[in-house]
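This report refers to the structure that appears directly beneath it.
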Amino acid sequence: MPELPEVETIAYNLRPALTGKIILSSDLLWKRTLAVPSPRAFSRRIRGQKIDGVGRRGKFLFLTLTGYTLLIHLRMSGDLLAILGGYQRARHDRLILKLTEDTTFVFSDPRKFGRVWLVSDPQEVLGRLGPEPLGDEFTPDWLITQLKSCRQRLKPLLVDQEFLAGLGNIYTDEALHASKLHPLRKASDISLGQAGDLWQAIRMVLEDGIRKNGASIDWVYRGGDYQNQFRVYGRQGQPCPVCGNKIEKIFVAQRGTHFCPACQRLEG
DNA sequence: AGGGTAACCCGGACGC
DNA sequence: TGCGTCCGGGTTACCC
């Protein structure tokens, strides 16, 4: 659920608060959250580090520290909070970084899906990611070339972060519908024109999502409104907003996949 | 290489 | 209302 738009917004909201030095880190409340040997090792490494900047790559958020990079993946239920003033530990707080006496940085995650890494080189975590869908590298020409050389079906390919970094289940379904492409179409079979449509649709759904503050269906991200704009996602059995045919739901590579069988034909 | 499956996790939705 | 079951997001591991 938490995808690109939330990441952008959260990073923006955090920026003003992230000026302190880390003077204390709590033990992790949930050890599996952290991809380091132990909470103690984590505390030892991170204490005293200074936050030099914040950023995002794909679905990963990161804090650039003095000697490490702290990477955070919110997955679907994670949330980042910069708490000013008194901090009271809440039920789902998984990682707590006290920055100053009255600034606390909290990674909260009710469903424990999120992950945190503390590494010397961010490439250890980010190194295999594909290009940014809103970046300069992602061009229609790039997409066409890649699709031609790929034998996968469109849906699994588009959610593969090593192919393109940032699309999740929701935006992929929406982009395929907007470009009238069936999720099971073989990537190498699609035409030049269709690839161009897909390129445009990917950019459109992401920009639209960012504009609407994200697609979160949960209570997690307060204010996300893209969930009210879905044309196919979660709308199985309801009419397609384009043609009125019933939206179908199938499973592709274990992901619920929503599409309009009339707009998105497997042939042609 | 690509496809299929299980596992991780738990709040909430749903059925009885 | 209360209890049990299922769902779903992203990713990795492991199988064929």
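Naming: A, B, ... by sequence-line order, numbering from 1 per chain.
With rounding to whole Å, A/Arg111 atom CZ is found 7 Å from B/dG12 atom P. Atoms CG (A/Asp109) and P (B/dC8) sit 17 Å apart, rounded to a whole Å. A/Leu158 has its CG atom 14 Å from the P atom of C/dT11, to the nearest Å. A/Leu74 places its CG atom 18 Å from the P atom of B/dC9, with the value rounded to the nearest Å. Remark: P of B/dG2 and CG of A/Asp189 are 13 Å apart, rounded to the nearest angstrom. Between the CG atom of A/Leu126 and the P atom of C/dG10 there is a distance of 18 Å, rounded to whole Å. Remark: C1' of B/dG2 and CG of A/Leu184 are 14 Å apart, rounded to the nearest angstrom. If you take CZ of A/Phe230 and P of C/dG8, they are 14 Å apart, rounded to a whole angstrom.
With hydrogens and angles ignored, the 3.5 Å screen pairs a side-chain donor or acceptor of A/Glu174 with a backbone N or O of A/Arg231.
Residue-to-nucleotide contacts include no donor-acceptor pair under 3.5 Å from the side chain of A/Gln152 to the base of B/dA1. Judged by distance alone, with hydrogens and angles left aside, A/Arg255 brings a side-chain donor or acceptor within reach of the base of C/dG10, the pair sitting under 3.5 Å.
Among C/dG8, B/dG2, B/dT5, the nucleotide with an atom closest to any side-chain atom of A/Lys249 is C/dG8.
In this structure, A/Glu132 pairs ionically with A/Arg56, as a charged nitrogen and a carboxylate oxygen lie closer than 4.0 Å. Here A/Arg111 does not pair with A/Asp109 in a salt bridge; the nearest charged N to carboxylate O distance is not below 4.0 Å.
Residue A/Arg75 places none of its side-chain N or O atoms closer than 4.0 Å to OP1 or OP2 of B/dC9. Within the structure, a side-chain polar atom (N or O) of A/His73 is placed less than 4.0 Å from OP1 or OP2 of C/dT11. Distances shown here put a side-chain N or O of A/Lys59 below 4.0 Å from the OP1 or OP2 atom of C/dT11.
Residue-level contact check: A/Gln161 touches the backbone only, with heavy atoms under 4.0 Å from sugar-phosphate atoms and none from bases. Residue-level contact check: A/Arg153 touches the backbone only, with heavy atoms under 4.0 Å from sugar-phosphate atoms and none from bases.
Between A/Val159 and A/Phe251, the residue anchored nearer the 5' end of DNA chain C, judged by the nucleotide with its closest heavy atom, is A/Phe251.
Side-chain polar atoms of A/His258 and A/Asp173 form a donor-acceptor pair below 3.5 angstrom.
Environment of NZ in A/Lys246: sparse, with no more than 12 heavy atoms of neighbouring residues, nucleotides or ligands closer than 6.0 Å.
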